[in-house]
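First the structure, in the form of structure tokens, and then the observations on it.
Bear in mind that the values here come from a model prediction, so they are computed numbers and not experimental data. Numbered from 1 within each chain, the chains take letters A, B, ... in sequence-line order.
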Number of protein chains: 2
Amino acid sequence: MKTVTVYDIAREANVSVATVSRVLNNTAPVKKATRDRIMELIHKHQFQPNALARSLLKKETGMIGIILPDITNPFFPAVLAGVEQEARSRGYTFFLCDTVSTNRDSADQYVRESQYLSLLMEKQVDGIIMIGGRINLARPDKEMVQEVVEAGKRVPILLLNGNLPGGGLYRIYTDETEGAELATQHLIELGHRDIAFVGGYRHMSNTIQRQQGFTKTMRRHGLQIRREWILDGGFSVESGKALMERLLRGSERPTAVFAPTTWWRSAH
Amino acid sequence: MKTVTVYDIAREANVSVATVSRVLNNTAPVKKATRDRIMELIHKHQFQPNALARSLLKKETGMIGIILPDITNPFFPAVLAGVEQEARSRGYTFFLCDTVSTNRDSADQYVRESQYLSLLMEKQVDGIIMIGGRINLARPDKEMVQEVVEAGKRVPILLLNGNLPGGGLYRIYTDETEGAELATQHLIELGHRDIAFVGGYRHMSNTIQRQQGFTKTMRRHGLQIRREWILDGGFSVESGKALMERLLRGSERPTAVFAPTTWWRSAH
DNA sequence: CTGAAAGCGCTTACAG
DNA sequence: CTGAAAGCGCTTACAG
């Protein structure tokens, strides 16, 4: 199927392509008769302007790339839905980049993040949102950081609920520490004194921050923190079960558990 | 930040842009020394070819559009994850189009489907996947159908678990009727005779097909189908609760319920 | 192994 | 209100 271009429309309407472009974009007044004639041809041929050509010229694509670890983890679709709605209302659409690895090799995930970062830039997205992955690492590799910072000089990058040292990046985040303090406070007010902290990953900054909030609040109330009641092991349902079992197997049991993560249903 | 192009690289390397393009794409032999020089400049400038320009020429973008109703319904991310993995291994990425409406006005959803359909074509995606929405309607509007069929003449369109009259569209689907027959059969083999059918929407083809399978199997076993035990009302958790309560309020109760839907957790 | 030139499908000053 | 022409950043015959 030979695609129709502004030239085809222009020829058939006996005008120049400039004029066609003008009615297409409403960018300058066009005589009513001419405009009508052109409109008719557009409908007749079902003409749709090639966004690639336009973007090449205007240097904007209306596309936002989003790099996330695993779309089957319900946290991300929830975030995505909100972001998407706002973006849509301003004429943007999303380029989805899921970095989860099949083989559960997590190093793989960061490689994929890098690949997607380049890909998105080549595709000339107007902005990139990163959530999860390297931006939650307590000690990310220097190159991992550098890469994002460099990319951030070329296109706006937003880190959602995470961070990376080195400026030039936009951020939106929640106060993990304070959240954990409030949660712990709540348990204490309910009368609990034997509280466990179970879940997350020791190498992730969000887990660490929550643990700090937890520890701080416990100390402030003069409560004991038992080493064997502080367990990490991930964000999956399975890990949650395993850790909980381990906790319950002990001779002494906590009366409350602070799980610094939602134990997402895993789709696997 | 002035972006660097093949021209900049060419000039600095004292070669033509054709040669730069050749090393970029490995599309023709280039003298080692020249290639090395060019590669070095590419790294030095962190040059990334503009995919828009390339796609404009090659008439392929490596992008697949996916139109779905609501990314927060876990069914879709699960499908997406599979599709994405396969696509990724072949160098494609996804353009996500979520059509859910804020205001819960479902007519809105179909309008959005149409908008996204055009948008995706303008963006020159290499293919479109549709799942949910109009392709599950028992009696879709003529225009709704026509629109997709027309689009299908310009770009490959895949209907996932749904259908639309009129050829030219690709399809992948499950046999809803047989699935329902098997499920019903199973309940009967367990000894149940009073079985209810609760959930879904009467205007959706998948619900209808499942109901047909249910009815057929019940009849084949000479079992009675009570009108008041066939209830529809949606796919959400809330609707499931409401319908179930209604069922249990009756004077006689079924011993088993066939819910022709997963009652998805709603993120709202 | 390499270059000059045309072309992908648009938009945008510039000129009238 | 309208047109001719340049240009966005690439790739690809064609010719050597």
Side-chain angles (χ1 to χ4, degrees), chain A residues 1-39 41-42 45-63 118-119 121-126 154-155, chain B residues 1-39 41-42 45-63 118-119 121-126 154-155:
Chain A
M1 184 162 197
K2 164 189 138 308
T3 88
V4 4
T5 73
V6 279
Y7 279 94
D8 302 316
I9 304 288
R11 191 180 319 114
E12 203 169 333
N14 279 312
V15 296
S16 74
V17 292
T19 302
V20 175
S21 174
R22 282 176 194 123
V23 348
L24 233 34
N25 301 288
N26 234 301
T27 176
V30 174
K31 211 201 322 180
K32 177 116 177 21
T34 319
R35 145 171 270 114
D36 289 347
R37 190 149 32 96
I38 293 175
M39 282 305 239
L41 289 170
I42 288 178
H45 293 290
Q46 305 232 54
F47 169 68
Q48 298 190 291
N50 184 323
L52 256 29
R54 170 183 290 156
S55 294
L56 187 56
L57 234 19
K58 310 202 60 167
K59 284 157 176 2
E60 63 178 58
T61 55
M63 310 191 302
S118 313
L119 185 73
M121 298 182 67
E122 290 185 7
K123 301 247 189 234
Q124 313 295 122
V125 296
D126 295 337
R154 305 184 165 214
V155 55
Chain B
M1 186 166 197
K2 163 188 138 313
T3 88
V4 7
T5 73
V6 280
Y7 279 95
D8 301 317
I9 304 289
R11 190 178 324 112
E12 202 169 334
N14 278 313
V15 296
S16 72
V17 291
T19 302
V20 175
S21 174
R22 280 174 196 124
V23 347
L24 232 33
N25 301 288
N26 232 302
T27 177
V30 173
K31 208 199 329 181
K32 177 111 176 30
T34 318
R35 142 171 273 114
D36 289 347
R37 190 150 32 96
I38 293 175
M39 283 304 241
L41 289 170
I42 288 178
H45 293 289
Q46 303 233 55
F47 169 67
Q48 297 189 293
N50 185 323
L52 255 28
R54 169 183 288 156
S55 293
L56 188 56
L57 235 18
K58 310 202 60 164
K59 279 146 179 10
E60 63 177 58
T61 54
M63 310 192 301
S118 313
L119 185 74
M121 297 181 68
E122 290 185 7
K123 299 244 190 236
Q124 313 296 120
V125 296
D126 294 337
R154 306 184 166 213
V155 54

Note: A:Ala10 and A:Ser16 closest approach over all heavy atoms is CB-C, 3.8 Å
Note: A:Val125 and A:Thr61 closest approach over all heavy atoms is CA-OG1, 3.6 Å
The salt bridge (charged side-chain N to carboxylate O under 4.0 Å, His left out) partners of A:Glu12 (sequence neighbours excluded) come to A:Lys44
Those residues at least two apart in sequence (or on a different chain) that pass salt bridge (charged side-chain N to carboxylate O under 4.0 Å, His left out) with B:Asp8 are B:Arg11
Contacts of B:Gln48 meeting side chain to side chain contact (heavy atoms under 4.5 Å, CB included) (sequence neighbours excluded), chain-then-number -> A:Ser118, A:Met121, A:Glu122, A:Arg154
Across all chains, not counting sequence neighbours, the side chain to side chain contact (heavy atoms under 4.5 Å, CB included) partners of B:Leu119 are A:Thr93, B:Tyr116, B:Lys123
Value for CZ (B:Phe47) from OG1 (B:Thr5), rounded to nearest 0.5 Å, stands at 6.5 Å
So CD1 of A:Ile9 and CD1 of A:Ile42: to nearest 0.5 Å the spacing works out to 6.0 Å
Point to revise | Pairwise C1' distance for D:dG16 and D:dT12, with rounding to whole Å | key: 16 Å
Result for 5'-nearest mapping on DNA chain C, choosing between B:Arg35 and A:Ala18, is B:Arg35
With sequence neighbours left out, the residues meeting side-chain hydrogen bond (donor to acceptor under 3.5 Å, both in side chains) with A:Ser55 are none
So, with a heavy-atom separation below 4.0 Å from DNA chain D, the residues of residues 22-34 of chain B are B:Arg22, B:Asn25
Ordered by number, residues from residues 7-16 of chain A within less than 4.0 Å of DNA chain D (heavy atoms) are A:Asn14, A:Val15, A:Ser16
Encoded 5' to 3' (Watson-Crick or G-U under 3.5 Å; [ ] crossing; | other strand), DNA chain C becomes |||.||||||||.|||
Closest to the 5' end of DNA chain D, once B:Thr5 and A:Val17 are matched to their nearest nucleotides, is A:Val17
With a cut-off of 3.5 Å and sequence neighbours excluded, list every side-chain donor-acceptor pair involving residues 19-32 of chain B.
from	atom 1	to	atom 2	distance (Å)
B:Ser21	OG	B:Asn25	ND2	3.4
B:Asn25	OD1	B:Arg54	NH2	2.9
B:Asn25	ND2	B:Ser21	O	2.9
B:Lys32	NZ	B:Asp36	OD2	2.7

Its 5'-most and 3'-most nucleotides having an atom under 4.0 Å from a non-hydrogen atom of chain A, DNA chain D is contacted over D:dC1 to D:dG9
